[in-house]
Amino acid sequence: MQQPARPVRHALAALAFSLAGIMAVALAGPAAAEGRIRIAEQYGLGYLPLHVLRQNQLIEKHGKALGLDIAVEWVQLSGGAAMNDALLSGSIDLGSAGVGPLLTIWDRTKGNANVKAIASLNDMPLFLTTSNPKVTSLKDFTDADKIALPAVKVGVQARVLQMAAEKELGADKFDALDKLTVSMPHPDATAALLSGSGGITAHLSSPPFQYQQLADPKIHKVVSSYDVLGGPHSFNLIWSKQSFRDGNPKTYRAFLDALREAMDSINTNHEGAAEAYLAQNKGSLDKPFILNLLKDPDIRFTVAPSRTEAFADFMHKVGAIKNKPASWKDYFFEDLHDGAGS
């Protein structure tokens, strides 16, 4: 077969190269313009650092220090699955949820969009609570029970439930309770559990909801995630695509600097932190209740990841992720690599 003339071959090669470049950009997703950031948060005390930097306009403050006016847009979603869908569709720049959803999207986008964590938001215990007096352990749940959590099978609560089931029921039964789970935002699940009218008998949640539930004598704790993982662990993280970090270095830096300032503010000024939480979360909780939680030594606000590798090991073992990270540094951007983490 006769080969195309050299000019034609060169033109075809140039066209192929251009198409490859276009495809690479499409895979990476659209990068926001420098000076704009769209952040999605969820419900609960775990997002307090975001509430504080939002209330005090810390991103804008640190942007100005870098010579940049930053427009900050906020969205509230429920569950890690919704968060990841929004990030991949380009609707948001930063997503925040539990460790499980971060590992899911890191694994799914490795080698293309390259989503990684920017920082941890906290260490917090997650309680499985129930209104069923017959349930004192996981073995007591029956098909008559329904366990509410934010995102069935993929959220951090779903992974904690699987890890607890593996520990108590056996390795081959890690997903035995999945059939009892239903997706429900924490505020709705809390109201349903307390009223007894929402069709659920249990809820795997987070602060402040689990403590609000335990104030009712009809509700009791079945298990804590700290017992399952052997100690304090990161609950929420915040993450983005590689393209956002690379294409918006000043905006990214302003966010991380703002987040660090928010952490310091929470840890040194509980009064101000409680006010920021109440301003961003309309509900029935009062300031003394929130202050009590902020004094709890089990609740810590830090950017450093803790025991996230335990989630990664479990998820790889059960086939939830294909790529096994060598350490937490594989799924975190380099900004925190010089500090402590696990």
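Residues take their numbers from the sequence shown, with the count starting at 1. Below, all heavy atoms of this structure are taken into account, side chains as well, without hydrogens, waters or symmetry copies. Being a predicted model, the structure only gives us computed values, none of them experimental.
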### Message
Among residues at least two apart in sequence or on other chains, which ones pass ring pair (Phe, Tyr, Trp, His ring centres under 6.0 Å) with W239?
### Response
none
### Task
Take the angle between the ring planes of F174 and F314 and call it parallel below 30°, perpendicular above 60°, tilted in between.
perpendicular
Pairwise distance [atom1]([X]) to [atom2]([Y]) - rounded to 0.5 angstrom:
X: N114; Y: K241; atom1: CG; atom2: NZ; result: 11.0 Å
X: I321; Y: R108; atom1: CD1; atom2: CZ; result: 14.5 Å
X: I219; Y: Q210; atom1: CD1; atom2: CD; result: 13.0 Å
X: L45; Y: H51; atom1: CG; atom2: NE2; result: 7.5 Å

Would you say that [X] contacts [Y] through its side chain, given a criterion of any heavy-atom pair below 4.5 Å between the two side chains?
X: L229; Y: F311; result: yes
X: V115; Y: W106; result: no
X: R159; Y: Q162; result: yes
X: L214; Y: K221; result: yes
X: T129; Y: H203; result: yes

### Query
Are any of the side-chain nitrogens in D143 or K179 under 4.0 Å away from the carboxylate oxygens of its partner?
yes
### Query
Considering residues at least two apart in sequence or located in another chain, which fulfil the side-chain contact (heavy atoms from CB on, under 4.5 Å) criterion with K173?
L169, A176
### Aromatic centroids of F209 and H186 separated by under 6.0 Å
yes
### Query
In a check of side-chain hydrogen bond (donor to acceptor under 3.5 Å, both in side chains) between H233 and each of S306, S120, S225, which one passes?
S225
### Message
Within the 3.5 Å criterion, strictly below it, is a donor on Q212 or T190 matched to an acceptor on the partner's side chain?
### Response
no
### Query
Under 3.5 Å, is there a donor-acceptor pair between the S342 and E309 side chains?
no
#### Entry: Nearest heavy atoms of L278 and L285, plus distance in Å
CD2-O, 3.5 Å
### Message
Heavy-atom count check: over 12 atoms from other residues, nucleotides or ligands less than 6.0 Å from K134 NZ?
### Response
no
### Query
Are there more than 12 heavy atoms of other residues, nucleotides or ligands under 6.0 Å from atom NZ of K139?
no
